[in-house]
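Reviewing the structure listed below.
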2 protein chains.
Amino acid sequence: MKKATIADVAKHANVSKSTVSQYLNKRYEYMGEETRKKIAEAIQELHYRPNFMARSLKQQSTFTIGVIVANIIHSFSTKIINGLEAEFDKKGFHMIICNSADEPSKEKKHIETLLERQVDGFVIFPTGKNEALYRTLTMQNIPIVFIDRFIEKLEIPSVLLDNMKAMEMAVSSFNVHPLAVVTTSLDLQITPRVERLEGFRLALQKRNMEVLEEYIRHGETKELPQIFDELFSLATPPKGMIATNDRVSQELMLYVKKHQIRVPDDLQIVVIDEMPYTEFMTPPLTTIEQPSDLMAKQAAALLFEKIEMGTFKEMKNLYRFEPIFLKRDSTLL
Amino acid sequence: MKKATIADVAKHANVSKSTVSQYLNKRYEYMGEETRKKIAEAIQELHYRPNFMARSLKQQSTFTIGVIVANIIHSFSTKIINGLEAEFDKKGFHMIICNSADEPSKEKKHIETLLERQVDGFVIFPTGKNEALYRTLTMQNIPIVFIDRFIEKLEIPSVLLDNMKAMEMAVSSFNVHPLAVVTTSLDLQITPRVERLEGFRLALQKRNMEVLEEYIRHGETKELPQIFDELFSLATPPKGMIATNDRVSQELMLYVKKHQIRVPDDLQIVVIDEMPYTEFMTPPLTTIEQPSDLMAKQAAALLFEKIEMGTFKEMKNLYRFEPIFLKRDSTLL
DNA sequence: CTGTTAGCGCATTCAG
DNA sequence: CTGAATGCGCTAACAG
């Protein structure tokens, strides 16, 4: 039971291949009523399905987008993937998902193989360490949109959270001090992490509060307990803490529980990224949510702009989204 | 700056297309040292990348797997996707992810378009309502593996949790009664839900406990609070409860919090699906975990068996995985 | 070791 | 309205 081709259908219906092709492309004007029926029947009988690869080869378009996430398992990636899927589906596009695991070499490999697969565009959570490659892509006019992270001096639009504002919101929701902020590894200088720490410093300065670097910490996930230990061993332990992403927030919850730290009495907490548990923790966590669906929509819209019109409408590289403040009980103000 | 083809490279290097093709396929034996260098240079200069579509067309293989999940956002789907990605990546395969949203019509549409895209195989969380289509696929000898759900009378292997055992574990971890079990919608008779309810009944019977259907509930996510209300309004409210998936467990946590139900004193709880929060809830939740990585590995292995050898090694349709019991403090035994 | 030839399945002229 | 011819980019014999 081999796969039927357009030629088989043509033979079966006693017409020519091009007539069948017309039919498939719904150009019914160019054929008789009965011809149409015969073709329809033949397609049914042979279980014929057009070969998308062949069409793509001819039409130089694959209707597929390559998506490279830094880590599928992270909550924000998942939300974005979910949002992108919905948008792509509307346009009849499919997506190939790859995982860079925040390793530049993997990212490079994936970009290259996706290129070989002739994807029509990319959505990438960039590692940031493949600048030459990003530049080549732009020069070859390949549609590409970054998400979550921004790479300077590149004409590639980035869709990201207004991290400064998020930290301003966070800081303004505490009525205690000193405040600490913790994020995950800074090895790759990943935009949201860098910006959130910087936003923290700025928010303090704005309030004429001293910026003490020992309260501004970062490290691999497994180092976080140690970091918390150090923080709470300071002469003046933090009274408020900001967890800048889901990883940190989870580790912090674990730590708080283990050490029976009372929230908000001993420690007030603000976390970035809405998670299922933030609402039913004791106490529920004051959270700053990223509007992931809007962000995915924006990314998809930008990408299609470039794919369909060959260029971005606006000469704008930065699309910042408003964080959503969810006041709950881990802060008091 | 148009894309270079193999012909451009050949011209640039003063050799024939087929020599270049040999080079690309690493059949270096058939060419001179300097020829090789010249080709390498030409490829560099022209930024040449082989067109994977063209190769696929010729080779009748796309090195891509279609993955259809019931809902990307569910924790188990995400974990499986993550596991599959790792396995596929090892073999140089990519995956196209689609969302059926548990709608049979969407599932059908996705299967059909993925077929047109000539995917080499499928991994599907089946809705169960497209039996004719599943059957056609099997008859056309298309590699396909189901996950999480089992469809009877089909020669399609399914990778799933040993749900009976999971419920036996759950029931045996309580030292109170009556016990209740809650799952999400049963409209589609989705395997894990059906089996978990049935496993619950069986576990009770085994212990000569009465099976009372009013303690065995199911409903849409938004109906769950109402269902909990009803359960706790019974003459004898449940003293122990099993949440059969992450949705139910989250709704239950919300409910328990809202109504200040004391766990485990007033209500003992066991949940299925390990989640970030199970460990740091108060109290930590006794959990039954699905070995998602092993399951993804198994699914991938089966699929590749069929892809590479044209047949499954074993005439076996059911691959059951041992649940992992994580005793924590929401149960007392 | 290298070049020629002939498709893979489809879409698109361009004559009939 | 239909059919023949051509090519998308690559691979795979098969000669040389």
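Quick caveat: nothing in here was measured; it's all calculated off a predicted structure.
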Problem - Pairs flagged by side-chain hydrogen bond (donor to acceptor under 3.5 Å, both in side chains) wherever residues 311-321 of chain A is involved - sequence neighbours left out - result: E195(A)-R320(A)
Exercise for the section: Identify which nucleotide among dG9(C), dG3(D), dG9(D) has an atom closest to any side-chain atom of Q60(A), counting heavy atoms from C-beta outward. Expected result: dG9(D)
Exercise for the section: Using a 4.0 Å cut-off on protein heavy atoms (strictly under), produce a 5'-to-3' string for nucleotides 11-16 of chain C with B for base contact, S for backbone-only sugar-phosphate contact, and - for none. Expected result: BB----
Practice task
Could you name each residue pair satisfying side-chain hydrogen bond (donor to acceptor under 3.5 Å, both in side chains) that touches residues 146-155 of chain A, not counting sequence neighbours?
Solution key: D102(A)-R149(A)
Problem - E34(B) bridged to K38(B) by N-O distance under 4.0 Å - result: no
Exercise for the section: Using a cut-off of strictly less than 4.0 Å, decide whether T35(B) has a side-chain nitrogen or oxygen near OP1 or OP2 of dC1(C). Expected result: no
Completion exercise
In whole angstroms, the gap separating C1' of dC1(C) from CD1 of I39(B) amounts to 11 Å
Exercise for the section: If a pair satisfies ring pair (Phe, Tyr, Trp, His ring centres under 6.0 Å) and one of its residues is in residues 48-77 of chain B, list it, with sequence neighbours excluded. Expected result: F63(B)-F93(B)
Handout entry: Non-neighbouring partners of S100(B) that pass side-chain contact (heavy atoms from CB on, under 4.5 Å), sequence neighbours left out
Key = I68(B), A70(B), E107(B), T127(B)
Practice task
Describe, as an angle rounded to 10 degrees, how the axis at the first end of the helix from dC1(C)-dG16(D) to dG16(C)-dC1(D) is tilted relative to the axis at the last end, five pairs per end.
Solution key: 40°
Practice task
Would you please say whether a donor-acceptor pair under 3.5 Å links the side chains of N71(A) and S77(A)?
Solution key: no
Problem - dG3(D) OP1/OP2 closer than 4.0 Å to side-chain N/O of S16(A) - result: yes
Problem - K109(B)/D89(A) salt bridge by N-O under 4.0 Å criterion - result: yes
Exercise for the section: For S56(B), report the nucleic acid contact type (base, sugar-phosphate, nothing); a contact means any heavy atom under 4.0 Å. Expected result: nothing
Practice task
Using the six-membered ring wherever Trp is involved, compare the ring planes of F304(A) and F88(A) and label them parallel, tilted or perpendicular (cut-offs 30° and 60°).
Solution key: perpendicular
